[in-house]
Amino acid sequence: MEKIIVRGGKRLNGTVKVEGAKNAVLPVIAATLLASEGKSVIYDVPALSDVYTISEVLRYLNAEVTIEENKITVDASRELKLEAPFEYVRKMRASVLVMGPLLARHGRARVALPGGCAIGSRPIDQHLKGFEAMGASVKVGNGFIDAEVNGKLRGAKIYLDFPSVGATENIMMAAVLAEGTTVIENCAKEPEIVDLANFLNAMGAKVRGAGTGTIRIEGVSKLRGTTHTVIPDRIEAGTFMVAAAITGGNVLVQGAVPEHLSSLIAKMEEMGVTIIEEETGLRVIGPEKLKAVDVKTMPHPGFPTDMQSQMMALLLKAEGTSMITETVFENRFMHVEEFRRMNADIKIEGRSVIINGPCNLQGAEVAATDLRAAAALILAGLVAEGYTRVTELKHLDRGYVRFHEKLAALGADIERVNEEENVVQDATVTDVNNVNI
Ligand SMILES: CC(=O)N[C@H]1[C@@H](OP(=O)(O)OP(=O)(O)OC[C@H]2O[C@@H](n3ccc(=O)[nH]c3=O)[C@H](O)[C@@H]2O)O[C@H](CO)[C@@H](O)[C@@H]1O
Ligand SMILES: C=C(OP(=O)(O)O)C(=O)O
């Protein structure tokens with residue numbers, strides 16, 4: 001079994017470079033299906049198992065996909081297949097993002113219904129409500145969603161009950177080839193939405209207002225392939241910011257965009273962390289003592305749920321009582337039990353977690369319960385007494401490229417091993433087929 005073994009006690013120092021954003025590249029790759037002419041070339045693509053999964057979905061749908069280093073080329077000009085089977089959706093929920101493009105381009109899409117996952121039930125009713133408002137008939141049965149439109153989708157006014165990232169993206173991608181104008185109200189404002197809108201506009205779409213609460217899309221008749229560079233990963237950046245702070249280190253996180261990280265910067269500064277904007281990124285200097293704070297996850301520009309477990313690791317070392325409230329996902333506290341195994345004084349009360357710090361963390365064998373929990377347990381291991389062994393690394397590989405190597409380069413005492421064989425493994429993604437969220 002593969003494990004990351006970390007021995008706590010080292011201060012991190014140096015420079016780390018962030019990759020292109022997972023949550024930006026997945027919708028952008030799905031959007032390449034909209035181009036009936038020309039090739040799309042995407043740069044700064046991170047080498048993650050999720051990227052390989054979405055590429056496999058596109059190949060299954062009859063697109064030609066070439067992956068070279070950090071570049072992906074997609075030619076989707078051939079007639080596409082219209083079904084995304086469960087084997088892909090099971091591995092990665094973002095596979096449902098092919099639905100909007102297929103419906104827009106070919107008037108029909110059949111996508112396996114994603115189930116719940118370790119962080120909550122995660123329905124997609126808001127995506128489907130948007131497609132229906134644009135004239136599609138949507139049927140759910142036998143584990144599939146079938147959506148079909150007679151002729152072309154029509155522009156519509158759609159109010160989202162919650163600013164869902166995926167629903168905003170799927171509806172945007174459906175609307176770019178619809179007849180007339182679509183207005184999405186109460187939409188998500190995440191930087192990844194802006195990145196997708198920029199890519200769609202470069203393909204010839206007319207999307208305005210991305211990054212605000214209302215997006216207006218005027219449909220066009222055709223889109224063509226284009227080139228695009230993905231934005232830096234704000235969650236990977238935030239994870240390294242926490243790594244610097246928790247160890248009392250001094251790290252330059254290259255590529256971190258301050259405007260994408262304002263809520264995290266504010267909270268870390270409240271805790272006593274020094275954060276300096278430099279030309280190429282953010283320098284993070286951890287204090288001798290961290291202060292307790294309260295944190296509530298919210299849609300952007302609120303505190304990101306994808307940083308909740310890493311922030312929890314940091315608060316375990318803060319002096320005093322902290323509270324974290326999770327409002328985005330109903331069940332994103334599975335890592336709490338694992339932190340307890342490391343001697344954390346922490347309890348769940350409804351949708352909140354109360355932490356009495358600073359905790360005297362002790363190394364233990366712990367299992368990653370989801371992608372960000374994997375990173376958070378490793379962060380806690382950086383300051384725990386003795387050895388922490390983190391298993392279930394398939395989760396980590398969905399969202400972090402060579403995580404242990406990057407930490408080791410900053411001075412962490414960390415390695416990735418296959419315990420049975422006692423062989424140090426390369427951190428690059430190996431067994432994509434076994435990844436299951
Ligand atoms: C690939 C990707 O970009 N994933 C991100 C995306 O996920 P994802 O797009 O799945 O997240 P959403 O914003 O859609 O979900 C947020 C909340 O809305 C609920 N909901 C969503 C859609 C819907 O139709 N009905 C509904 O009830 C979900 O169950 C959840 O409670 O945004 C999340 C919230 O920032 C992040 O944690 C994920 O990392
Ligand atoms: C929850 C996440 O991703 P996904 O929506 O792909 O599960 C994440 O990136 O933390």
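Both ligands and their constituent atoms are indexed starting at 1 by order of listing. Side chains are part of it too, since the values below use all heavy atoms of this structure and drop only hydrogens, waters and symmetry mates. Small disclaimer: the values here were computed from a predicted structure and weren't measured.
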**Message:** Regarding Thr239 and Gln310, do their side chains bring together a donor and an acceptor under 3.5 Å, going by distance alone?
**Reply:** yes
**Request:** Answer yes if the side chains of Ser352 and Thr325 hold a donor-acceptor pair under 3.5 Å, and no otherwise.
**Result:** yes
For [X], atoms of ligand 2 separated by under 4.0 Å from a heavy atom:
X      : result
Arg398 : 3 (O), 4 (P), 6 (O), 7 (O)
Asp306 : 1 (C), 8 (C), 9 (O), 10 (O)
Arg122 : 4 (P), 5 (O), 7 (O)

Can you list everything that forms a salt bridge (charged side-chain N to carboxylate O under 4.0 Å, His left out) with [X]? Sequence neighbours excluded, please.
X      : answer
Glu87  : none
Lys81  : none
Glu326 : none

**Amino acids contacting ligand 1, non-hydrogen cut-off under 4.0 Å** = Asn23, Arg122, Pro123, Ile124, Asp125, Gln126, His127, Phe162, Ser164, Val165, Gly166, Thr305, Asp306, Val328, Phe329, Arg332
**Asked** Considering only heavy atoms, does Thr305 approach ligand 2 within less than 4.0 Å through its side chain, its backbone, both, or neither?
**Response** neither
**Proximity flag Ile119 to ligand 2, non-hydrogen atoms under 4.0 Å** = yes
**Prompt:** Should Met92 be listed as contacting ligand 2, given a heavy-atom distance under 4.0 Å as the test?
**Reply:** no
**Prompt:** Is the Phe240-Phe403 ring centre distance short of 6.0 angstrom?
**Reply:** yes
**Message:** For atom 1 (C) of ligand 2, tell me which residue out of Arg332, Arg93, His395 has the closest non-hydrogen atom.
**Reply:** Arg332
**Request:** Over all heavy atoms of both residues, which pair between Ala133 and Ala156 is shortest? Give the atoms and the distance, please.
**Result:** O-CB, 3.3 Å
**Message:** Using side-chain heavy atoms (C-beta onward) and a distance below 4.5 Å, is Arg208 in contact with Asn201?
**Reply:** yes
**Request:** First locate atom CZ of Arg105, then atom CG of Leu80, and finally report the distance between them rounded to the nearest 0.5 Å.
**Result:** 4.0 Å
